[in-house]
Amino acid sequence: MPPSRAGSLESLRRLNRLRVIRALRDEGQISRADIARRTGLSRSTVSSLVADLQADGLVVERPEPGSAHGAQGGRPPILLSFDASAGAAVGIDFGHSHLRVAVSDLASTILAERTRPLDTDHDAQEGLDAAAELVSDTLADAGVNRAQVIGAGMGLPGPIEQGEGTVGSSSILPGWIGMAAETEMRRRLAIPVMVDNDANLGALAEAAFGAGRAAGDLIYLKVSSGIGAGLILNGRLYRGSGGLAGELGHVLVDPDGIVCRCGNRGCLETVAATGALVDLLRRSHGEDVTVQAMLAAARGGEVGCRRVIQDAGRALGGVVATLLNVLNPELLVVGGDLAAAGDLLLDGVRESVARAALPEASRGAEVVAGVLGDRAQVLGALALVVSEADRALLAA
């Protein structure tokens with residue numbers, strides 16, 4: 001079989017596996033026949049995928065409660081569910097100035113969670129060491145032995161090259177550029193590790209647990225100290241050939257604008273990221289302005305803070321409109337620190353989308369705020385472990 005054909009079949013199987021996992025997660029307990037009806041997959045495909053999940057130790061069979069025998073006195077109906085006790089998953093979220101770790105069982109129930117601040121200028125070795133220490137502490141809190149962990153998902157704010165999880169050059173963490181983060185964290189933890197972009201993990205989380213549970217195609221837009229998008233297409237995370245899909249923060253919006261950290265002028269991040277907004281306000285509101293103070297003042301009606309957030313929404317919407325035209329998703333979920341502004345930000349996005357996107361694309365994509373807040377990335381890291389457990393096991 002040609003390699004391209006084999007790759008296409010493998011991608012399709014991963015997509016179908018994710019559909020089955022989502023049905024199991026949503027229903028708790030469900031039969032093979034109901035999975036087939038819910039996903040549109042054939043019963044033979046569902047049976048094959050369920051067999052794989054059972055072999056990985058993720059899924060168990062249980063007779064339907066109260067059904068000693070079937071309708072005709074035969075075999076009782078069999079329900080499938082995640083085997084929560086079969087193992088545990090670890091989620092690690094690196095932000096610009098924070099570190100968050102969570103431990104869950106395989107049914108995605110959080111067993112323990114910890115956070116700690118990070119120096120914004122920390123280097124990769126320091127950050128990885130801090131994460132390894134926090135993982136150990138959080139596993140102890142959860143009462144989980146490291147041998148029970150099937151894998152760890154880790155999110156970083158920047159492009160991630162799949163394979164060794166190498167951090168790309170436009171990362172918002174300059175001390176991490178070129179670091180093979182997946183390999184280094186696996187060495188510290190002695191468990192399988194998967195690394196992905198923070199916006200991708202936010203998309204996975206909102207699709208699995210949040211605002212996008214009913215959507216097969218969605219864009220998750222994270223607006224914080226950096227700006228990035230996670231793309232869920234046909235129910236599957238799309239990363240692009242080099243892990244750069246969704247790097248919206250470096251789309252040109254002002255050719256004569258200020259120089260961005262990537263070296264270009266007038267990138268979207270220079271006009272809509274939280275740091276850019278705070279810098280703008282400090283000229284008129286004093287040096288004590290912070291992101292949280294800006295959001296609080298905007299909610300209280302302060303006109304300057306409201307204006308910069310509305311302008312940021314319009315700039316974001318102008319860039320996102322092109323994505324809506326090209327990808328035609330069902331949903332645009334806005335997350336990250338600035339999403340706390342709610343409709344003050346979203347109305348600006350909607351205004352630009354209505355003006356710049358094709359009418360059909362604009363009407364077809366609802367614009368909503370994410371519902372998972374600052375926990376989206378760590379929940380997405382956990383979802384990555386469960387949804388790609390086969391990848392985690394192969395990395396062991």
Side-chain angles (χ1 to χ4, degrees), residues 95-98 117 119-121 157 170 172 198-199 202 211 219-229 247-262 264-323 332-357 362 366-374 376-377:
H96 183 52
S97 58
H98 77 270
D119 189 323
T120 56
D121 295 323
S170 62
I172 203 165
D198 59 347
I219 297 170
Y220 172 83
L221 180 65
K222 185 185 179 190
V223 190
S224 293
S225 51
I227 297 173
E247 281 293 311
L248 294 188
H250 301 286
V251 172
L252 175 67
V253 296
D254 181 5
D256 299 318
I258 66 173
V259 175
C260 179
R261 60 186 170 85
C262 74
N264 291 329
R265 280 191 179 274
C267 294
L268 180 62
E269 282 190 7
T270 67
V271 298
T274 53
L277 305 189
V278 167
D279 286 345
L280 187 62
L281 285 170
R282 282 175 178 162
R283 301 174 192 175
S284 55
H285 290 62
E287 291 298 317
D288 294 335
V289 178
T290 64
V291 174
Q292 295 307 316
M294 173 184 69
L295 291 168
R299 285 190 288 267
E302 205 284 323
V303 292
C305 294
R306 292 178 66 85
R307 177 60 186 268
V308 297
I309 293 172
Q310 289 169 331
D311 287 348
R314 295 185 186 99
L316 291 163
V319 171
V320 168
T322 301
L323 269 187
L332 171 64
V333 181
V334 182
D337 294 340
L338 203 58
D343 284 338
L344 182 62
L345 176 72
L346 298 186
D347 284 346
V349 175
R350 294 173 182 130
E351 177 185 327
S352 288
V353 164
R355 184 174 63 250
S362 175
E366 186 181 5
V367 179
V368 301
V371 299
L372 301 177
D374 59 4
Q377 279 64 46

Note, Val319 side chain near Ile227 side chain (heavy atom, < 4.5 Å): no
Output the distance between atom SG (Cys260) and atom CG (Leu252), rounded to the nearest 0.5 Å. 10.5 Å
Taking Asp198's backbone N and O only, do any of them form a donor-acceptor pair with Gln377's side chain (distance below 3.5 Å, no angle check)? yes
Let me check something: any side-chain donor-acceptor pairs from residues 335-349 under 3.5 Å, sequence neighbours excluded? List them with distances.
| unit_1 | atom_1 | unit_2 | atom_2 | d |
| --- | --- | --- | --- | --- |
| Asp343 | OD1 | Arg350 | NH1 | 3.2 |
| Asp347 | OD1 | Arg350 | NH1 | 2.9 |

The salt bridge (Lys or Arg N to Asp or Glu O under 4.0 Å) partners of Glu366 (sequence neighbours excluded) come to none
What one should report as the nearest heavy-atom pair of Ile219 and Ala229 is CG2-CB, 4.1 Å
If the condition is salt bridge (Lys or Arg N to Asp or Glu O under 4.0 Å), which residues does Arg265 pass it with, not counting sequence neighbours? none
Does Asp374 reach the side chain of His98, with side-chain heavy atoms less than 4.5 Å apart? no
Nearest-0.5 Å distance, CE of residue Met294 to CZ of residue Arg282: 10.5 Å
What distance separates Leu248 CG from Leu323 CG, expressed to the nearest 0.5 Å? 5.0 Å
Under the salt bridge (Lys or Arg N to Asp or Glu O under 4.0 Å) rule, collect the residues that match up with Arg355, sequence neighbours excluded. Glu351
Shortest non-hydrogen pair, Ala276 vs Thr270, comes out as CB-O, 3.3 Å
Can you sort out the partners of Arg307 under side chain to side chain donor-acceptor pair (under 3.5 Å), two or more places apart, ordered by chain and number? Asp311
Output a table of donor-acceptor pairs, distance under 3.5 Å, between side-chain atoms of residues 285-293 and any protein atom two or more places apart or on a different chain; print 'none' if there are none.
| unit_1 | atom_1 | unit_2 | atom_2 | d |
| --- | --- | --- | --- | --- |
| His285 | ND1 | Leu281 | O | 3.4 |
| His285 | NE2 | Glu302 | OE1 | 3.3 |
| His285 | NE2 | Glu302 | OE2 | 3.2 |
| Thr290 | OG1 | Ala293 | N | 3.1 |

Considering all heavy atoms, the nearest Ala211-Val368 contact: CB-CG2, 4.2 Å
Please name the pair of heavy atoms, one in Tyr220 and one in Ala199, separated by the smallest distance, quoted to 0.1 Å. CD2-O, 3.4 Å
List the atom of Ser362, the atom of Ala357, and the distance in Å for their closest heavy-atom pair. CB-CB, 4.2 Å
Could you tell me which non-hydrogen atom of Glu269 sits nearest to which non-hydrogen atom of Gly226, and how far apart they are? OE2-CA, 3.4 Å
